[in-house]
Amino acid sequence: MILTVTMNPAIDTAYHLDHLAIDDVNRVAPRKTAGGKGLNVSRVLRQLGDDVLATGLSGGHMGAYMGELMDGDGIAHDFTPIAGETRVCISILHEGNQTELLESGPEVSADELAAFLDRFGELVVKVDCVTISGSLPKGVPADCYAGMVATASAAGVPVLLDTSGASLDAALAAEAKPTLVKPNLTEINDLLGTAFTPDDLPRLRETLAADARFAGIPWVVVSMGAAGSVAFHEGRAYRATSTPIEAVNATGSGDSTIAGFAHAVAAGMGAEDVLRYGNTCGKLNAMDPRTGHLVMEKWDEVFNDIQVVEL
Ligand code: ADP
């Protein structure tokens, strides 16, 4: 069983339009999904055949509706109720553009957070792997994920952390280390104050090796979109690449990559297969118009095309 954490989930609502008429009426057919990065991870894990339990915070009518959507996707869930209303995020896909309207989400009280963290402590001991994805809602301190990593680590459960900004900073500064972090190139450059490109991997490697914040993290993976990814694991560096494709919709490719990693880590696979699973899932998501959904018919073709080399 893999536990996925989504602290600030959403009802993702997508509208597809041939043309967005500004200052006019647009008639639309919505597609609604239980959203937030951890729920994208959950859906992909279901496609991979894993048992998943989704957790986090949810509230109000939208929270109840999110539960129904997760039921519809076959995702078991155990969210802690909060008084605030779960947010709605709108994505308008028009003329090759993606215009997004993202609510910031509800404020979480100290009692609600404490109830969630208690429940997280109960759930974590029952699972093989934990994924923690996305940003924290208002009212939750930036070191929340660092504490959850410590809980998982004390229970001996691998924990994959996919976040950025202050919550990633806090997790990197903490004593208990996540099993895997997966910043994308923009996020790692923001963190390091650098401007590395996929052509600068030796310098990226040196910079990470000299940075004490990354010491003791078994897997540091930097994803680079169509350029694949680079992974630092047990003193070795690996580069994963594949035949380039024109992405249909790469939103959620990072979340799909985390699902692939979690699947492989929970199954005890070796380094090269962990990378093959992650990169296959990221690419198969980029080939599908839906977010957090793999084109499974192309699994063998894409999996066999991923090249993993040691640098
Ligand atoms: P994030 O969504 O976190 O920014 P990336 O955009 O780096 O993550 O994508 C994650 C992974 O998905 C990449 O490492 C790669 O394996 C795969 N991927 C994403 N976009 C493409 C693409 N256009 N072609 C091939 N693979 C892709």
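In this chain, numbering begins with 1 at the start of the sequence shown. Counting starts at 1 for both ligands and their atoms, in listed order. Small disclaimer: the values here were computed from a predicted structure and weren't measured.
- Counting only heavy atoms of the protein, atom 16 (O) of ligand 1 lies nearest to Asn279 OD1, 2.8 Å.
- Counting heavy atoms of neighbouring residues, nucleotides and ligands inside a 6.0 Å radius, atom CD of Glu122 exceeds 12 of them.
- Checked by distance only, ligand 1 and Ser223 come closer than 3.5 Å through their nitrogen or oxygen atoms.
- Only one option out of Thr131, Val52, Leu123 pairs with Leu3 in a side chain to side chain contact (heavy atoms under 4.5 Å, CB included); it is Leu123.
- In this structure, atom 2 (O) of ligand 1 lies nearest to the protein heavy atom Gly254 N, 3.0 Å.
- Contact annotation for Thr257 and ligand 1: only side-chain heavy atoms (C-beta onward) come within less than 4.0 Å of the ligand.
- Atom 12 (O) of ligand 1 has Gly282 CA, 3.2 Å as its closest protein atom, hydrogens excluded (heavy atom only).
- Closest protein heavy atom to atom 22 (C) of ligand 1: Ala226 CA, 3.5 Å.
- Ion pairing between a basic and an acidic side chain is recognised when a charged N comes within 4.0 Å of a carboxylate O; Asp73 and Arg46 show no such pairing.
- Those atoms of ligand 1 with a heavy atom of Ile245 less than 4.0 angstrom away are 23 (N), 24 (N), 25 (C).
- Nearest to atom 4 (O) of ligand 1 among the protein's heavy atoms is Asn184 ND2, 2.9 Å.
- At distances below 3.5 Å, at least one donor-acceptor pair connects side-chain atoms of Glu112 with backbone N or O atoms of Ser109.
- The nearest heavy-atom contact from the protein to atom 9 (O) of ligand 1 is Ser253 CB, 3.6 Å.
- In this structure, Ser253 contributes its side chain and Gly282 its backbone to a donor-acceptor pair below 3.5 Å.
- The neighbour count for Glu310 CD, taken as heavy atoms of other residues, nucleotides or ligands under 6.0 Å away, is above 12.
- Of the protein's heavy atoms, Gly225 O, 3.4 Å lies nearest to atom 13 (C) of ligand 1.
- No side-chain heavy atom of Thr194 sits less than 4.5 Å from a side-chain heavy atom of Arg203.
- At least one heavy atom of Lys182 sits less than 4.0 Å from an atom of ligand 1.
- Here the heavy atom of the protein found nearest to atom 14 (O) of ligand 1 is Gly228 O, 2.9 Å.
- At a threshold of 4.5 Å between non-hydrogen side-chain atoms, the residues His61 and Glu85 count as touching.
- Each of the following atoms of ligand 1 lies closer than 4.0 Å to a heavy atom of Ala247: 23 (N).
- Between the side chain of Asn285 and the backbone N or O of Thr251 there is at least one donor-acceptor pair closer than 3.5 Å.
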